[in-house]
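We number each residue from 1, following the sequence as shown. For ligands, and for the atoms within them, numbers begin at 1 and follow the listed sequence.
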Amino acid sequence: MSKPAAKPAALFNRVALIGVGLIGSSIARAAKAQGAAGSIVATARSAATRKRIAELGLADQVVETNAAAVEGADLVIVSIPVGACGPVAKEIAPHLKAGAIISDVGSVKGSVVRDMAPHLPKNVHFVPAHPVAGTEYSGPDAGFAELFVNRWCILTPPEGTDPAAVEKLAAFWRLLGANVEIMAPDHHDLVLAVTSHLPHLIAYTIVGTADELQTVTRSEVLKFSAGGFRDFTRIAASDPTMWRDVFLANKDAVLEMLGRFNEDISLLTKAIRNGDGDALFEHFTRTRAIRKGIVQIGQDSASPDFGRPHPDLPHEPLPKPYASEKD
Ligand code: NAP
């Protein structure tokens, strides 16, 4: 009788997860599903989250402190708001295993490198990462194993990082379904300022503006939200702590992009004021092509209405004014 095929060895014997919210719990679920870790040890700041990690079975072991979590770990992933990464690096530094890979998932990379790197000992490999995938939900219940599939994970190793460590972390993310790209931290921050941080700021602004209008009631805003507002509200529902930290940490790049945005909105304002239909048409045609490009490279669905399933039509016969003459 032939032996069953041997299970492939895990990429890392022991993976430590510090912070188990949307991103940390998705890593835990995906790593487990893919056999990427021999064992997973997890911790979170609050006792309530640690209890929930255990209830959901997200880790083989749940420990109370960051120091205990990293003890003997080959890979440590810090998945907490970017403003909290520096103090956590300082706290775990004396407890790290020689040769371990230390990483994070923060949405800003320059500040994370500046805040974490000085605390880490020379005998570990620091490979910061940003999986460009998420939802507007938070906490350990919000994660799912497929979150990273066909999404990009950007690694930003500081100069001189061991290429073998970078490749090993890249292999981990590929196993979780992500495509991997390597970038300099500051370049990452500029790219993400335009593709993620500015859109979030615009959504937070628009939803706030609508909320403060006196002549249009709140109930009208909610009732007629399908006209475009609804899609901004999803983005503007994102975690306030995470996004406060992103704007504080990526100040320069966001201000640079905001300057350009203000110039462009002035041009469109002028076109509307002057009745310059050609300028508006040309601009909207250009932006429509960008949307097409995103769908073509598989970063969104081509389904209408932003991929939402449409509710079924009612089974009852249509009321008189809409029914065909034959009915
Ligand atoms: P989340 O669901 O809110 O989870 C945050 C985790 O960090 C929780 O375990 C929380 O612990 C812990 N935490 C919060 N403040 C802390 C502090 N001061 N010190 C130590 N731990 C703290 O957040 P998330 O969406 O997973 O985001 C985590 C990181 O991923 C952020 O850096 C964010 O920039 C990045 N990221 C997010 C997305 C996204 O779409 N959400 C996408 C890509 C990258 P308790 O539960 O015990 O409070």
Side-chain angles (χ1 to χ4, degrees), residues 16-30 40-56 58-59 62-70 76-92 103-113 115-116 128-149 151-156 173 176-178 180-181 185 188-189 191-193 195-197 199-200 203-204 234-250 253-254 299:
L17 300 177
I18 297 181
V20 183
L22 168 71
I23 301 296
S25 75
S26 296
I27 295 173
R29 288 173 168 102
I40 297 176
V41 53
T43 192
R45 178 181 56 165
S46 68
T49 299
R50 294 196 295 272
K51 182 167 172 270
R52 194 65 190 137
I53 300 168
E55 285 166 358
L56 292 169
L58 292 173
V62 183
V63 295
E64 288 200 6
T65 65
N66 296 336
V70 305
V76 176
I77 305 182
V78 178
S79 306
I80 64 178
V82 290
C85 287
V88 166
K90 188 176 179 190
E91 188 190 342
I92 62 176
S103 191
D104 76 308
V105 296
S107 308
V108 183
K109 298 274 54 102
S111 72
V112 165
V113 172
D115 293 351
M116 289 185 78
H130 176 204
V132 187
T135 75
E136 66 275 33
Y137 297 108
S138 308
D141 286 271
F144 51 99
E146 301 78 17
L147 178 65
F148 309 113
V149 176
R151 297 284 164 249
W152 285 96
C153 183
I154 303 172
L155 307 186
T156 64
W173 278 106
L176 270 49
V180 174
E181 180 122 342
H188 164 279
D189 291 354
V191 172
L192 270 290
T195 58
S196 169
H197 307 169
H200 275 81
Y204 281 125
R234 188 186 64 73
I235 301 176
S238 301
D239 188 67
T241 308
M242 167 185 160
W243 283 97
R244 175 202 63 197
D245 281 15
V246 166
F247 290 114
L248 294 178
N250 202 21
V254 170
Q299 290 298 301

Quick one: look up the protein heavy atom nearest [atom] and list residue, atom name and how far away it is.
atom                    : answer
atom 42 (C) of ligand 1 : Ala133 O, 3.0 Å
atom 21 (N) of ligand 1 : Ile80 CG2, 3.5 Å
atom 26 (O) of ligand 1 : Ile23 N, 2.9 Å
atom 3 (O) of ligand 1  : Ser138 CB, 3.7 Å
atom 4 (O) of ligand 1  : Gly21 CA, 3.2 Å
atom 23 (O) of ligand 1 : Leu22 N, 4.5 Å
atom 48 (O) of ligand 1 : Arg45 NH2, 2.8 Å

Problem set entry | Check: Asp189 main-chain N/O paired with Asn250 side-chain donor or acceptor under 3.5 Å | yes
Exercise. For Gly83, does its backbone N or O pair with a side-chain atom of Asp245 as donor and acceptor, under 3.5 Å?
Worked result: yes
Exercise. With respect to His130, which candidate in Ser103, Cys153, Ser196, Ser107 satisfies the side chain to side chain contact (heavy atoms under 4.5 Å, CB included) definition?
Worked result: Ser107
Exercise. What do you reckon, does Gly83 put a non-hydrogen atom under 4.0 Å from ligand 1?
Worked result: no
Would you say [X] and [Y] make side-chain contact, with heavy atoms under 4.5 Å?
X      : Y      : value
Asp104 : Lys109 : yes
Ile27  : Leu147 : no
Met116 : Lys90  : no

Ligand-residue contact atoms, ligand 1 with [X], heavy atoms, under 4.0 Å:
X      : result
Ala84  : 17 (C), 18 (N), 19 (N)
His130 : 43 (C), 44 (C)
Val82  : 32 (O)
Gly106 : 32 (O)
Gly19  : 9 (O)

What I want to know is whether [X] and ligand 1 share at least one N or O pair that is separated by under 3.5 angstrom.
X      : answer
Pro131 : no
Val20  : yes
Ser46  : yes
Tyr137 : no
Thr49  : yes

For this session: Please report the C-alpha distance between Ile77 and Ile23 in whole Å, then the side-chain angles of each, then the deciding distance to 0.1 Å, and finally whether the side-chain contact (heavy atoms from CB on, under 4.5 Å) criterion is met.
Result: CA-CA 10 Å; Ile77 305 182; Ile23 301 296; over 6 Å; no
Of the listed options [options], closest to [atom] (non-hydrogen atoms):
atom                    : options                        : answer
atom 13 (N) of ligand 1 : Pro81, Pro240, Ser196          : Pro81
atom 39 (C) of ligand 1 : Glu91, Arg151, Arg50, Met242   : Met242
atom 5 (C) of ligand 1  : Ser79, Ala142, Pro87, Ser107   : Ser79
atom 30 (O) of ligand 1 : Val132, Thr241, Leu192, Val105 : Val105
atom 40 (O) of ligand 1 : Gly139, Gly134, Cys153, Ala44  : Gly134

For this session: Apply side-chain contact (heavy atoms from CB on, under 4.5 Å) to the pair Thr43 and Glu64, showing each step before the final yes or no.
Result: CA-CA 6 Å; Thr43 192; Glu64 288 200 6; 5.6 Å; no
Exercise. Would you call the rings of His200 and Trp243 parallel, tilted or perpendicular, where under 30° means parallel and over 60° means perpendicular?
Worked result: parallel
For this session: Step through the shown structure and confirm whether more than 12 heavy atoms of other residues, nucleotides or ligands are within 6.0 Å of CD on Glu136.
Result: yes
Problem set entry | From NE2 (His188) to OG1 (Thr156), nearest 0.5 Å | 7.0 Å
Problem set entry | Stepwise side-chain contact (heavy atoms from CB on, under 4.5 Å) test for Arg45 and Arg50 | CA-CA 8 Å; Arg45 178 181 56 165; Arg50 294 196 295 272; 5.9 Å; no
Exercise. Considering all heavy atoms of both residues, which atom of Leu22 and which atom of Gly134 are nearest to each other, and what is their separation?
Worked result: CD2-CA, 4.1 Å
For this session: Go through the steps to decide whether Val20 and Val62 satisfy the test side-chain contact (heavy atoms from CB on, under 4.5 Å), and finish with yes or no.
Result: CA-CA 11 Å; Val20 183; Val62 183; over 6 Å; no
